[in-house]
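This report concerns only the one structure given below.
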There are 2 protein chains.
Amino acid sequence: MISVEEQLKSMKQQMIAKGYKSTVQREATMRVLLEHERDHMSAEDVYMRVKERFPEIGLATVYRTLELLTDLHIVEKMNFGDGVARFDLRSEGHMHMHHHMICSICGEVEEIQDDWLTELEQRVQREYGFDVSDHRLDFIGTFSSCKHGDCRRHCETAS
Amino acid sequence: MISVEEQLKSMKQQMIAKGYKSTVQREATMRVLLEHERDHMSAEDVYMRVKERFPEIGLATVYRTLELLTDLHIVEKMNFGDGVARFDLRSEGHMHMHHHMICSICGEVEEIQDDWLTELEQRVQREYGFDVSDHRLDFIGTFSSCKHGDCRRHCETAS
DNA sequence: TTCTTTATTTAGAATGATTATAATTTAATA
DNA sequence: TATTAAATTATAATCATTCTAAATAAAGAA
Ligand SMILES: [Zn+2]
Ligand SMILES: [Zn+2]
Ligand SMILES: [Zn+2]
Ligand SMILES: [Zn+2]
């Protein structure tokens, strides 16, 4: 596992390599993303977290930073159907996006970090002549813990 | 292949069975969906098509009808990342949602009607204790035809 | 059929997420 | 340090979607 500081450094390098500037606002935003790696935060969520440590930052800056990180393929802009975009860090060294399990009972989103689709991607290529560069796989259903009333949803990301 | 009229009848029955009323606006909307089964239309797209034949219909009614059909699991509300929800008919008799190939060059969305995920769903159950009721699988990439400048995107759904 | 009840539709206003604008500030480079 | 282009800020604007209140229409009863 690579440390937050190292990941931050790597992100900054990617930014600079593409001709973008490294600013304190961008660093603060990236730090929040790294420290809430599996939280699937909305732009507003990120904004509020960044604001705690950098109160003068504007919402538009957070939006612009998230867009930039999306362009750099550092984060993935996702939509789970609740009207807000959510931002998900792409793990370093992983070619493809991780998978999700979304609980119909509590709404919790949990990740599957393996890539289970290599074979299916070859099949898509063979049968449809479609070259896969990335994928999105979400499972909708219920965790057995949630069915027994023991929901795993945390308050922090609840609306 | 079941005819449009038969599908329409089945949809109306489902509606009435759940205590909703059958109205001309709803019928007109469903007819448009059936006649553009693979077009992944936005609410606005549907609205404009319905309006051609039923000019006095309101946008909010189309939104409400699409929401109702989503609740009835007749259509699926999807989001391909362009800021608008798109509505996709669920094929009758198919338990699970079909898969998509999304072209990075032209944006065209093509469907894979088979269900390739049965095994993976069992694996999710085994390894994570998560009962899958539905799934979403999108492949992002390029059609070989598009790479050779012969794009398959039609004008009708282009923005 | 006519009446009654209740859901639905309509048009327009309101909301909420996201993006654009213009003036000001800052980072990078010389 | 001075220059230049990019980034930030605060605010306004936009766009998709939802809400509201009055008018209308569907379903069932008489
Ligand atoms: Zn749950
Ligand atoms: Zn994730
Ligand atoms: Zn294409
Ligand atoms: Zn589809």
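All chains are named by letter (A, B, ...) in the order of the sequence lines, taking the proteins before the strands, and each is independently numbered beginning at 1.
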Exercise. Does Gln25(A) have a side-chain nitrogen or oxygen under 4.0 Å from the phosphate oxygens OP1 or OP2 of dT26(C)?
Worked result: no
Problem set entry | Side-chain N or O of Arg64(B) closer than 4.0 Å to phosphate OP1/OP2 of dT9(C) | yes
Exercise. In whole Å, what is the span from the CG atom of Asp71(A) to the P atom of dA7(D)?
Worked result: 12 Å
Exercise. Using a cut-off of 4.0 Å on non-hydrogen atoms, how would the nucleic acid contact of Glu44(A) be classed: base, sugar-phosphate, or nothing?
Worked result: nothing
Problem set entry | Heavy-atom pair with the smallest gap, counting every atom of Arg90(B) and Val75(B) | CG-C, 4.1 Å
Problem set entry | Nearest-nucleotide comparison on DNA chain C, the residue closer to the 5′ end among Leu59(A) and Glu56(B) | Glu56(B)
Exercise. Quick one: the side chain of Lys21(A) and the base of dT26(C), do they pair up donor-acceptor inside 3.5 Å?
Worked result: no
Problem set entry | Lys/Arg cation over aromatic Phe80(B): Arg136(B), 6.0 Å, 45° cone | yes
For this session: Decide whether Asp88(A) and His100(A) meet the rule of one side-chain donor and one side-chain acceptor closer than 3.5 Å.
Result: yes
For this session: Can you see which heavy atom on Leu117(A) is nearest to which on Asp115(A), and at what distance?
Result: N-OD1, 3.0 Å
Problem set entry | Atom pair distance, as rounded to whole Å: CG in Leu69(A) and P in dA7(D) | 12 Å
Problem set entry | Interatomic distance where CD1 belongs to Ile16(B) and C1' belongs to dG28(D) [whole Å] | 13 Å
Exercise. Side-chain N or O of Thr23(A) less than 4.0 angstrom from OP1 or OP2 on dT26(C)?
Worked result: no
Exercise. What is the distance from OH of Tyr47(A) to C1' of dT18(C), rounded to the nearest Å?
Worked result: 14 Å
Seminar exercise, completed: Here the distance between atom P of dA7(D) and atom CE of Met30(A), to the nearest Å, is 12 Å
For this session: Kindly say if Arg26(B) contacts the phosphate of dT9(C), meaning a side-chain N or O under 4.0 Å from OP1 or OP2.
Result: yes
Exercise. Checking all strands, does Ser22(A) fall into the base, sugar-phosphate, or nothing category for heavy-atom contacts under 4.0 angstrom?
Worked result: sugar-phosphate
Exercise. So, is Tyr63(B) close to the dT17(D) phosphate, meaning a side-chain N or O under 4.0 Å from OP1 or OP2?
Worked result: yes
Exercise. When the distance from CG of Leu66(A) to P of dA7(D) is rounded to whole Å, what number comes out?
Worked result: 15 Å
For this session: Please state how far atom CZ in Phe54(A) lies from atom C1' in dT25(C), giving the value in whole angstrom units.
Result: 12 Å
Problem set entry | First of Val24(B) and Glu67(B) reached from the 5' end of DNA chain D, by closest nucleotide | Glu67(B)
For this session: Verify the distance criterion only: is there a donor paired with an acceptor across the side chains of His40(B) and Glu111(B) at less than 3.5 Å?
Result: yes
Exercise. Within the structure shown, what part of the strands sits under 4.0 Å from Ala85(B) by heavy-atom distance: base, sugar-phosphate, or nothing?
Worked result: sugar-phosphate
Problem set entry | Whole angstrom value for the distance that separates P of dT6(C) from OH of Tyr20(B) | 17 Å
